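Everything below concerns the one structure shown next.
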Amino acid sequence: MPLLITNGRIITATDDYQASILCEGETVSRIDKHIDPKSVPLNTRVIDAAGKYIFPGFIDPHVHIYLPFMGTYAKDTWETAGRAALVGGTTTLIEMICPGKTDEPIAAFDTWLSKASGIAPCDFTFHMGVTRFDPAAESQLREIVRRGITSFKVFLAYKGALGVDDRELFHTLRLAKELGVVVTAHCENETLVDELQKQLLAQGKTGPQFHEPSRPPRVEAEGVHHLMTFAELTGAHVYVVHTSCREAVAEARCAISRGVKASVEVVLPHLVLDRKYTEINGFEGAKYVMSPPLRPADQLDAMWGHLASGEVSTVATDHAPFDFETQKVMGKDAFTKIPNGIPSVEDRVNLLYTHGVCTGRISLNQFVAAASTNAARIFGLKSKGTVAVGADADLVVYDPAYRGRISAKTHQMATDYSAFEGWEIKGRPSLVTLRGAVVAENGKFIGAMGAGRLVPRTTLA
Ligand code: URP
Ligand code: ZN
Ligand code: ZN
C-alpha cells in the first residue's frame with residue numbers, strides 16, 4: 001500500500017526541512033513541501049507526522065546474531081534480533097560472520113546466510129570474517145565478494161580462536177585492496193591480553209571487574225597501531241570496530257594524517273556505560289563484560305568528543321547477546337570465561353538520541369550520519385542511509401515527546417537481562433517502514449518474518 005507521510009521534519013546527515021514524503025512500491029517516489037492527498041493513489045495510507053522527525057532507517061554495522069563463541073552460542077535468532085532492531089528504528093543490520101579457524105569460508109557464508117534468509121524481518125548483509133588465510137580460503141573469499149559481500153572482518157584478539165597472525169593479516173589486506181573491499185578489525189594485542197589475564201588470575205583476581213585491567217587502553221591502542229602499519233603498507237581501507245578509548249583513536253588519527261584510509265566506529269556501550277558497572281553486586285558485573293572493555297567515565301566523555309568532531313564515523317552496537325543466568329555464569333570462577341558481549345540492538349537509536357541529541361553532545365544531523373548514513377557510505381549500501389527520491393523507503397517517524405523506560409520485561413531481545421534496566425528514553429520511533437512496508441508502530445512489531453533481504457552493495461571506487 002502506498003504511504004503518504006505529511007507534516008514531518010525530515011532530518012538527513014546534511015538537511016533539516018519540513019516536507020511530505022510519498023512512498024510507492026519499495027522506494028520513496030516523491031518529496032515535496034506539500035503533497036495533496038487527492039493527488040496520490042486512492043489506496044494510500046496517510047500518516048500525519050506533525051511534531052515528529054523523519055529519519056532514514058537506521059543501520060547497525062556491527063552485530064552478532066548467530067555466534068558460536070567462548071563455548072556457547074549467542075542468544076538471539078534473526079527473528080528476535082530483527083524484531084528488536086525494527087522496533088528500535090534499525091532497518092538494516094550488518095552481521096559478522098565468524099568462522100572457526102578450520103571452517104571453509106564458503107560453508108561459513110552459507111551457514112550465516114541460511115540463518116537470515118527467509119527468516120529476518122529486517123534487511124541485512126555481512127562482514128566476512130577471515131580467520132584463516134591460505135590459497136583455498138583466498139579463492140573462496142573472492143567468490144564471497146562476487147556474491148556481494150564487500151567487507152571483511154579480522155580479529156587481532158582472541159588468541160587461538162578467531163585471531164589471525166601477521167602473515168594472514170597482510171594477505172587479507174592485500175586481497176581487500178585488490179578487490180576494493182573494506183577490512184573491519186577488532187584491535188587488541190592478543191599476546192598482551194593473554195599475559196595480563198594469566199597475571200591477574202594468578203593473583204586471585206577472578207571477578208568481572210578485572211576484565212578491564214586485562215585489556216587496558218594501551219593494549220587496544222597497540223592493536224590499532226598494528227593494523228594501521230599493515231593498512232599503510234598494503235593500501236587497504238580499514239575500519240576499526242568498537243573503539244573504546246582516546247589512545248586508540250589517537251593511533252587512527254595519526255595514521256589517517258599520513259594518508260592511511262581508515263574509519264573509526266564506537267559502539268553504544270562505550271558511550272553510555274562505564275567500568276563501574278562491572279563492579280556491581282559481585283558477579284552481576286558480568287552482564288557488562290565485553291571486549292574491548294567498558295572504560296572509566298572520562299573515556300566516555302572523550303569518545304563523545306571524537307564522535308562530535310567527526311573522528312569517529314559510526315555508532316554501532318556490537319550486539320552480542322548472552323543470558324546472565326545460564327551463560328555469563330560460565331565465568332563465575334574466572335572473568336576470562338565470561339562470554340563477551342552486551343545486548344543492545346534494540347536500544348541504540350533511542351539511547352544515542354537521549355544521551356547524544358537531547359544533551360546537546362551531537363546534533364540531529366550528526367545523529368543520522370553516525371547511526372545510518374556513514375555506515376551506508378563506508379560499506380556500499382547505495383539504496384540506504386538517507387531520505388531521497390529513489391532511495392529505499394526505510395523511514396523512521398520519530399516521536400521526541402515520548403518518555404519511557406527500558407526493561408528486560410518488555411524488550412524484544414531474547415536475553416534474560418537488559419544492561420539498561422530502568423533507564424529513561426526521551427523519544428522513540430512511532431512508525432518504522434522497511435522498503436515501504438510498515439513494520440513497527442509505537443513499540444510493537446507488525447512486520448513479517450522473512451521479509452528482510454540481503455542488501456546489494458558496491459565495492460570501493
Ligand atoms: O565483547 C564482544 N565484543 N563480543 C563480541 C565479539 C567481538 O569481539 O566483537
Ligand atoms: Zn570484537
Ligand atoms: Zn563484535
Side-chain angles (χ1 to χ4, degrees), residues 60-76 81 93-100 112 124-131 151-164 169 182-190 193-194 197 208 210-212 214-215 219-220 222-224 226-227 238-245 248 264-271 273 275 277-278 285-295 314-324 327-328 330-331 335-345 348 375 379 413 415 417 419:
D60 190 338
H62 182 173
V63 300
H64 302 270
I65 296 168
Y66 175 65
L67 177 65
F69 188 52
M70 296 184 76
T72 186
Y73 289 84
K75 190 70 198 304
D76 273 313
L93 298 177
I94 312 186
E95 190 191 17
M96 302 287 178
I97 296 177
C98 297
W112 260 261
F124 58 87
T125 179
F126 303 95
H127 302 299
M128 182 61 214
V130 181
T131 49
S151 48
F152 293 155
K153 167 73 186 285
V154 291
F155 291 90
L156 308 190
Y158 305 126
K159 204 177 179 69
L162 300 168
V164 288
L169 177 61
V182 182
V183 179
T184 70
H186 176 137
C187 296
E188 289 180 298
N189 182 292
E190 60 173 12
V193 171
D194 194 46
Q197 285 179 336
F210 298 108
H211 179 67
E212 201 271 341
S214 75
R215 324 170 88 101
V219 162
E220 189 182 336
E222 165 62 19
V224 176
H226 199 76
L227 178 75
V238 292
Y239 174 96
V240 185
V241 299
H242 50 40
T243 313
S244 72
C245 57
V264 178
E265 168 193 280
V266 66
V267 295
L268 180 78
H270 291 139
L271 289 172
L273 295 166
R275 192 177 69 178
Y277 284 88
T278 63
K287 292 176 178 172
Y288 300 92
V289 165
M290 66 172 292
S291 295
L294 300 184
R295 301 294 186 194
T314 53
V315 177
T317 55
D318 194 11
H319 178 75
F322 297 98
D323 269 349
F324 177 67
Q327 298 182 294
K328 291 280 184 181
M330 291 160 64
F335 67 85
T336 51
K337 297 204 173 95
I338 300 169
N340 285 198
I342 298 180
S344 52
V345 73
R348 177 184 64 130
F379 296 115
M413 300 180 290
T415 43
Y417 78 99

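This is a predicted model, so every value here is computed, not measured. Order of listing sets the numbers, starting from 1, for every ligand and every atom in it.
Counting protein heavy atoms only, atom 1 (O) of ligand 1 is closest to Ser291 N, 2.8 Å. With hydrogens left out, the protein atom closest to atom 3 (N) of ligand 1 is Asp318 OD2, 2.5 Å, a heavy atom.
No side-chain donor from either of Gln197 and Thr336 sits under 3.5 Å from a side-chain acceptor of the other. Side-chain polar atoms of Thr317 and Arg348 form no donor-acceptor pair below 3.5 angstrom.
Backbone or side-chain N, O or S atoms of His62 reach the Zn ion (ligand 3) at under 2.8 Å. At a threshold of 2.8 Å, the Zn ion (ligand 3) has no backbone or side-chain N, O or S atom of His242 nearer than that distance.
Distances from atom 4 (N) of ligand 1 to the heavy atoms of Leu67, Ile338, Ile342, Asn340 put Asn340 nearest. The option with the heavy atom closest to atom 7 (C) of ligand 1, from among Tyr158, Phe322, Phe69, is Tyr158. Proximity annotation for atom 5 (C) of ligand 1: of Met290, His64, His186, His319, His64 comes nearest, heavy atoms only.
The closest approach of His186 to the Zn ion (ligand 2), by N/O/S atoms, is made by ND1.
Ring-plane geometry between Phe69 and Tyr158 is classed as perpendicular, the angle between the planes exceeding 60 degrees on a 0 to 90 degree scale with a lower cut at 30. Note: Phe335 and Phe210 have tilted aromatic rings, judged against thresholds of 30 and 60 degrees for the angle between ring planes.
Near Ala320, meaning under 4.0 Å from one of its heavy atoms, ligand 1 places the atoms 4 (N), 5 (C).
Side chains of His270 and Asp318 form no contact here, defined as non-hydrogen atoms less than 4.5 Å apart.
The six-membered or imidazole ring of His127 lies near that of Phe379, with a centre-to-centre distance under 6.0 Å.
Of all the heavy atoms of His62, the ones lying under 4.0 Å from any atom of ligand 1 belong exclusively to the side chain.
Rounded to 10°, the angle formed at the Zn ion (ligand 3) by Asp318 OD1 and His64 NE2 is 90°.
A donor-acceptor distance shorter than 3.5 angstrom exists from the side chain of Glu95 to the backbone of Tyr66, with no hydrogens or angles considered.
Note: Phe155 CZ to Met96 CE = 6.5 Å, rounded to the nearest 0.5 Å.
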